[in-house]
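Right, one structure below, let's go through it.
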2 protein chains.
Amino acid sequence: MLPNSEKPSSDCCSANNKHVHDAIVREIRKKLPHDEELFNLADLFKVFGDTTRIKILYALSESELCVCAIAELLKMTQSATSHQLRVLKDSGLVGSRREGKTIYYFLTDDHVRSIISQGYDHITEDKETDND
Amino acid sequence: MLPNSEKPSSDCCSANNKHVHDAIVREIRKKLPHDEELFNLADLFKVFGDTTRIKILYALSESELCVCAIAELLKMTQSATSHQLRVLKDSGLVGSRREGKTIYYFLTDDHVRSIISQGYDHITEDKETDND
DNA sequence: CTTTCATATGAAGATTTGCTCATATGATAA
DNA sequence: TTATCATATGAGCAAATCTTCATATGAAAG
């Protein structure tokens, strides 16, 4: 939290009063990560932001799987599955391993499990925030 | 992990061999959360999957802020900011509080901080997974 | 080599998303 | 009440996204 002297003031936003919260804005801007990092962060979460991919990640957290098993699990085309696996692999969340003609996918680290787990905690808490 | 008897077999996917991994698929399907939960989970992460919203969440993790302060911080329109705040509020990640004409937004719980923090950990690890 | 099988990929179409613009709402001041 | 200020919201457009279809690649079997 910011020191008291910089607490938001209620008269704000009119052209001549804009400087009132300029101080706070500057203060917070200093603390924000750089745009590139924020962009990468958003990009990472974007990967989690799709039901198909979440399902794949969940499945892979149980066992490594070949593409056709995943496709069958998702009841989706092999093609669609493969496209999504590419997204997951590009993001570094999953890796792959060849065994003959088959290619197995697996989670590369435990961040995936913990991120999903935190998200799961959030949605399973039925906490209503009725601030209107 | 699945018991050894259910480990993926390398001959899979041909029409007559499909049953080979049917057992694994069934096993994993039992362990997956219901579609609705997975959908909600993806929806939650979708909220984090945008640079603007990540920036807002990061900012609010420092201090509650009024809309115009956030808009100024993001160098974005008041309208665009307000639209995104609505998304954040609908997802339950932020709440709002009125003080005169001004409306202050704030984080509703610490899941936001921990989820972002986990994501940040992931992207700042320069771990190359070169499994092709 | 040729065929088959498991997977990958490019193009295309439908849907979703994030911003802008104009306007609405709701609280305060005059 | 009327004017003003902070914020909210609906419509519309451009860009991103996800799936399908057709086809390409690459390994193993014949």
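To find a chain, count down the sequence lines: A is the first, B the second, and so on, and within it residues start at 1.
Within the 4.5 Å cutoff, the side chain of A:Y105 has no heavy atoms near those of the A:L65 side chain. Side-chain contact check for A:V67 versus A:L85: some heavy-atom pair is nearer than 4.5 Å. Side chains of B:P33 and A:Y120 form a contact here, defined as non-hydrogen atoms less than 4.5 Å apart. Residues A:I123 and B:D43 have side chains not in contact (no heavy-atom distance under 4.5 Å, counting atoms from C-beta outward). Considering only heavy atoms from C-beta on, B:L60 stays 4.5 Å or farther from B:Y58 through its side chain.
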Just the atom pairs and distances: protein N or O near nucleotides 26-30 of chain C's N or O, under 3.5 Å.
none

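Atom CD1 of B:I56 and atom P of D:dT7 are 13 Å apart (whole Å). Between B:D90 atom CG and C:dG18 atom P there is a gap of 13 Å when expressed in whole angstrom units. At whole-Å resolution of the value, CG in A:L88 and C1' in C:dA8 are 15 Å apart.
A:A71 is linked by a side-chain contact (heavy atoms from CB on, under 4.5 Å) to A:T81, counting only residues two or more places apart in sequence or in another chain. For B:T52, the side-chain contact (heavy atoms from CB on, under 4.5 Å) partners are B:D50, B:I56, B:L74, B:M76, B:Q84, not counting sequence neighbours. Every residue two or more places apart in sequence or in another chain that forms a side-chain contact (heavy atoms from CB on, under 4.5 Å) with B:R29 is listed here: A:L73, A:K75, B:V25.
Across residues 74-86 of chain B, B:Q78, B:S79, B:S82, B:H83, B:R86 each have a non-hydrogen atom less than 4.0 Å from an atom of DNA chain D (numbered order). A heavy atom lying under 4.0 Å from DNA chain D marks the following residues of residues 36-54 of chain A, by number: A:K46, A:D50, A:T52, A:R53.
The aromatic rings of B:F45 and A:F45 lie parallel to each other, with less than 30° between the two planes, well short of the 60° mark.
Nearest heavy-atom pair, A:V94 versus A:T108, reported as atom, atom and distance to 0.1 Å: C-CG2, 3.3 Å.
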